[in-house]
Amino acid sequence: MMKLIKMGVGIILCAMIGGALTYIGIPLALMFGPILAIIIFHRFGLLFPIPKHTITFVQVTLGTSVGLMFNQVSLSDADNLLLLLLMLVVCLAVQFSFSFFWFHRKVGWTKQEAMLGSVPGAMAAILALTDHTHTPPQKIVISHTIRLIILILLAGLVVGSEGDPQPLIEWPTLTLESTFWLLVIVTVGVVMGLLLQRLRVPAPFMLTSLGAATLIQGWIDVQLHFPLMLTELSMVLIGMNIGNHFIVFPLSALIKNIYSSAQVVIINIILTFLITVFAAWITGYDIAVLLLAWAPGSMEAMTFAAITMNLDAGFVMSNHIIRMVIIQTIPSVVLFWQERKGKKEG
């Protein structure tokens, strides 16, 4: 009972800190606020547990949210669509290959750590994969968090800020029909995820929820919107999860890992810029749009930047959705076949 009370108090405190930072206009503060809060609380000897199935909840929440968005955007207006998608895959391959080489050869991480730390984006999926493979997640989490922070700061510098406060709470407006279909989507996503999990497919819930949301939303006539409060709660929980990984390291090791991760991010941003310049020259598409669409950062931050800069936000969001599906699928498939191969050899 005391553990549940402590857990509830921790979630409320972290949500309040994240909400206050959100109110003053800091991007993704509902995730960054809890990270800072957990680190600060730890310095005063306070430790707050998180719910057991946090990563599954985050996967289902994000998968459903993105799946419902998928039908709202379209790539059909983009010229040279096939070439742009091919260049997106090339960009992902370059980002991953360079990061893997850097972490494995230069920093000395294991192949498993280097592979998971090099995947460009999809923090929730990577946390689920580390949990599945029992890979120590601390260095991987730091790598992804530093990448996210740098990219959000860069987006903020490019876009600027009006300084307008953002609402702390937005109550969901759900009809009986939309509630029913949302429950159907979540149920299908969870059941299919559990089936894939029994087949030893790692981190399946984001993919199954995304697929269920996309298919059901395209089939019915009701326009569905996932409750924002659940998305915000998932951000708070993943922030607490990340913060608990940060406090494991002593300060010297933490600084070393932050420095290595920052180097990778900066060089990857330069490589991404060069690829987008080449792609823009071939296709005639706007460099700024391609850079936001292919940056290895969060879909929310990059789409917000596109909207603020009056660029093609639909194209940016579509590319990030495709990128997320690719980087969620490939590591899962690779790890699945590695496990099967290991069992056969054993």
Side-chain angles (χ1 to χ4, degrees), residues 27-28 66 69-70 72-103 106 114-115 117-123 125-126 143-161 260-331:
L28 287 186
V66 173
M69 289 184 216
F70 199 83
Q72 301 174 32
V73 296
S74 174
L75 284 169
S76 58
D77 296 331
D79 297 325
N80 302 305
L81 177 59
L82 187 60
L83 182 58
L84 284 169
L85 291 176
L86 178 62
M87 293 298 294
L88 168 62
V89 173
V90 170
C91 189
L92 284 173
V94 169
Q95 292 168 348
F96 175 82
S97 300
F98 171 77
S99 299
F100 181 86
F101 174 82
W102 187 278
F103 285 132
K106 187 172 178 61
M115 185 184 79
S118 302
V119 177
M123 175 83 77
I126 297 306
S143 168
H144 283 270
T145 305
I146 295 303
R147 177 190 295 135
L148 190 58
I149 291 172
I150 290 175
L151 286 165
I152 288 174
L153 289 175
L154 286 176
L157 288 174
V158 172
V159 173
S161 174
S260 299
S261 299
Q263 286 179 310
V264 172
V265 176
I266 292 169
I267 296 174
N268 258 331
I269 290 172
I270 295 171
L271 291 172
T272 303
F273 177 74
L274 294 175
I275 293 170
T276 55
V277 169
F278 179 69
W281 176 64
I282 292 178
T283 62
Y285 217 74
D286 192 334
I287 293 177
V289 175
L290 291 177
L291 192 57
L292 289 175
W294 296 351
S298 75
M299 179 179 68
E300 296 87 351
M302 298 304 116
T303 304
F304 170 75
I307 292 170
T308 309
M309 296 168 68
N310 294 316
L311 299 174
D312 190 347
F315 179 83
V316 172
M317 184 187 291
S318 297
N319 275 265
H320 278 280
I321 291 173
I322 293 169
R323 180 178 67 86
M324 195 186 79
V325 172
I326 292 172
I327 63 182
Q328 162 74 4
T329 304
I330 292 177

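FYI, side chains are in, hydrogens and waters are out, and symmetry mates aren't considered; it's all heavy atoms of this structure.
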* To do: Apply the test side chain to side chain contact (heavy atoms under 4.5 Å, CB included) to residues Leu84 and Asn319: give CA-CA distance (whole Å), side-chain angles for both, the deciding distance (0.1 Å), then the verdict.
  => CA-CA 9 Å; Leu84 284 169; Asn319 275 265; 5.8 Å; no

* **For the student: nearest non-hydrogen atoms of Gln95 and Trp294, plus distance** => NE2-O, 3.2 Å

* Rounded to the nearest 0.5 Å, how far apart are CG of Leu290 and CE of Met87? -> 8.5 Å

* Structure fact -> When every non-hydrogen atom of Ser118 is compared with those of Phe100, the smallest separation belongs to OG-N, 2.9 Å

* Structure fact -> Rounded to the nearest 0.5 angstrom, the CZ-CZ distance for Phe101 and Phe96 is 14.0 Å

* Asked: So, Thr276 side chain and Phe273 main chain: donor-acceptor pair closer than 3.5 Å or not?
  -> yes

* Asked: What distance separates Thr272 OG1 from Leu92 CG, expressed to the nearest 0.5 Å?
  -> 9.0 Å

* Structure fact -> Nearest heavy-atom approach of Ile287 to Ala280 is CG1-CB, 3.4 Å

* Structure fact -> Between the CG atom in Asn268 and the OG atom in Ser261, the distance rounded to the nearest 0.5 Å is 11.5 Å

* Looking at CZ of Phe98 and CD1 of Ile267, how far apart are the two atoms once the value is rounded to the nearest 0.5 Å? -> 3.5 Å

